[in-house]
Asks: 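Below is the structure I would like to discuss, written out as structure tokens.
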Protein chains: 2
Amino acid sequence: MKIGELSRATGTNIETIRYYERIGLLPEPDRTAANYRSYGDPHRARLTFVRHSRDLGFTIEEIRSLLDLSDDPERDCSEADRIASRHLAQVEEKIAQLTLLRDELTRIVGRCRGGVAADCRVIEALGDHRHCESAH
Amino acid sequence: MKIGELSRATGTNIETIRYYERIGLLPEPDRTAANYRSYGDPHRARLTFVRHSRDLGFTIEEIRSLLDLSDDPERDCSEADRIASRHLAQVEEKIAQLTLLRDELTRIVGRCRGGVAADCRVIEALGDHRHCESAH
DNA sequence: CTTGACCCTGTAGTTGCTACAGGGTCCATA
DNA sequence: TATGGACCCTGTAGCAACTACAGGGTCAAG
């Protein structure tokens, strides 16, 4: 499989595939006589793993750890669980933050009554923390 | 006010203040004889506006537009409302995405029963999209 | 034999900062 | 008067995770 095919098969940008190789997340594949990268099924599986993990918001370093684990089938699974749990906690934290933010924005947007910028409640609210109901 | 004082007054890193000046978000202040930046109240208000907007997740470019608006009190307020509303919609979209993600992660984490990596359900789930209940 | 799709390397850009390196200034204390 | 420490200056490089070229090579179809 050439890089374009792998790209289509996994929905990954070609530049991104080369980037993952450069940072050591994907192994260097064999090359054809014309120096083209040549991939097999294990490469595709590994890239699918990486993309799926990225979609779920794991960082490259977390994925590196998860890949190390899956490369060594003897190792204890609890580290994978720990990484995923910590990430879940971060996502929950982020949702909580964004929810506060949404409430604040809703309040700010709701105050707009039209008119000119000099009287704009949106701009006023942005310039003045005292309008806020929660800390940020 | 010197830069350190402005930094403390607004809770903004000194490097960040200089960065905002470099990208034209804050005007160049006067200088003392020793070439130190010298700020007044309008600078502090503008920086407070910027920081508050950043805390609410507005991009630098959005803030630039909002500042342009507030610099011109004759202009119509509806653009500020439009920027804030669009941002609110983005925040809501992000919350929705993260909520799906959280559910997916909860499901993945919940499958861990301990054991070795070869049997790890977390690693399996990351390598295989078919376990997912929503698209991503 | 040329056109167009594909591939290669290497480097620079993106966003919003943050962190130096290498220097200058200012003020209090010994 | 010397010196130490807190503060300030410019300019550049780094972070994450890509993305976008520039400038070139390869290959099959018409």
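Only heavy atoms go into these numbers, but all of them, side chains included; no hydrogens, no water, no symmetry mates. Labels below follow one simple rule: chain letters A, B, ... track the order of the sequence lines, proteins then strands, and each chain is numbered from 1.
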Asks: Return the value, rounded to whole Å, for the distance between atom CG of Leu26(A) and atom C1' of dA17(D).
Replies: 14 Å
Asks: Could you say whether Ala33(A) or Asn13(A) is positioned toward the 5' end of DNA chain D, judged by the nucleotide with the nearest heavy atom to each?
Replies: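 Closest to the 5' end, via its nearest nucleotide, is Asn13(A).
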Asks: Across nucleotides 9-14 of chain D, 5' to 3', mark each nucleotide with B, S or - according to how protein heavy atoms within less than 4.0 Å reach it.
Replies: SB----
Asks: Can a side chain N or O of Arg51(B) be found less than 4.0 Å away from OP1 or OP2 on dC17(C)?
Replies: yes
Asks: Tell me the interatomic distance from Phe58(B), atom CZ, to dT15(C), atom C1', rounded to whole angstroms.
Replies: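 So the two atoms are 17 Å apart, to the nearest Å.
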Asks: Should Leu88(A) and Thr106(B) count as side-chain neighbours, where that means a heavy-atom distance under 4.5 Å?
Replies: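 Side-chain contact under 4.5 Å: yes.
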Asks: Are Arg107(A) and Glu104(A) within salt-bridge range, i.e. N to O under 4.0 Å?
Replies: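 Yes, this pair counts.
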Asks: I need the OH-P distance between Tyr19(B) and dC20(C), as an integer number of Å.
Replies: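 Atom-to-atom, Tyr19(B) to dC20(C), this comes out as 19 Å.
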Asks: Between the side chains of Glu5(B) and Lys2(B), is the shortest nitrogen-to-carboxylate-oxygen separation below 4.0 Å, so that they form an ion pair?
Replies: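 Salt bridge flag = no for Glu5(B) with Lys2(B).
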Asks: Could you pull out the closest heavy-atom pair between Glu79(B) and Ser65(B), with the gap in Å?
Replies: OE2-CB, 4.4 Å
Asks: Of all heavy-atom pairs between Phe49(A) and Ile123(B), which one has the smallest distance, and what is that distance?
Replies: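 Heavy atoms only, the tightest pair is CE1-O, 3.4 Å.
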Asks: What nucleic acid atoms does Thr32(B) come within less than 4.0 Å of, heavy atoms only: base, sugar-phosphate, or nothing?
Replies: nothing
Asks: Could you state the atom-to-atom distance from CD of Glu5(B) to C1' of dC7(D) in whole Å?
Replies: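 The distance from CD of Glu5(B) to C1' of dC7(D) comes to 12 Å, rounded to the nearest Å.
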Asks: Within this structure, what is the NZ-to-P distance between Lys2(B) and dT25(C), rounded to whole angstrom?
Replies: 13 Å
Asks: What integer distance in Å separates Met1(A):CE from dC6(C):C1'?
Replies: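 Between C1' of dC6(C) and CE of Met1(A): 16 Å.
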Asks: Work out which heavy atom in Ser38(A) is nearest to a heavy atom in Pro29(A); give both atom names and the distance.
Replies: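 Scanning both residues completely, I find the closest heavy atoms to be O-CB, 3.5 Å.
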Asks: Give the nucleotide from the list dC7(C), dT18(C), dC18(D) with an atom nearest to the side chain of Thr16(B).
Replies: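 Comparing dC7(C), dT18(C), dC18(D) against the side chain of Thr16(B), the answer is dT18(C).
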Asks: Starting at atom CG of Leu47(A), determine the distance to atom P of dA17(D), rounded to an integer number of angstrom.
Replies: 16 Å
Asks: Within the 4.0 Å heavy-atom criterion, would you say Tyr20(B) contacts the bases, only the backbone, or no part of the nucleic acid?
Replies: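 Contact class for Tyr20(B): sugar-phosphate only.
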Asks: So that I can tick it off, tell me whether Arg46(B) and Asp71(B) are bridged by a salt bridge, with the cut-off set at under 4.0 angstrom between side-chain N and carboxylate O.
Replies: yes
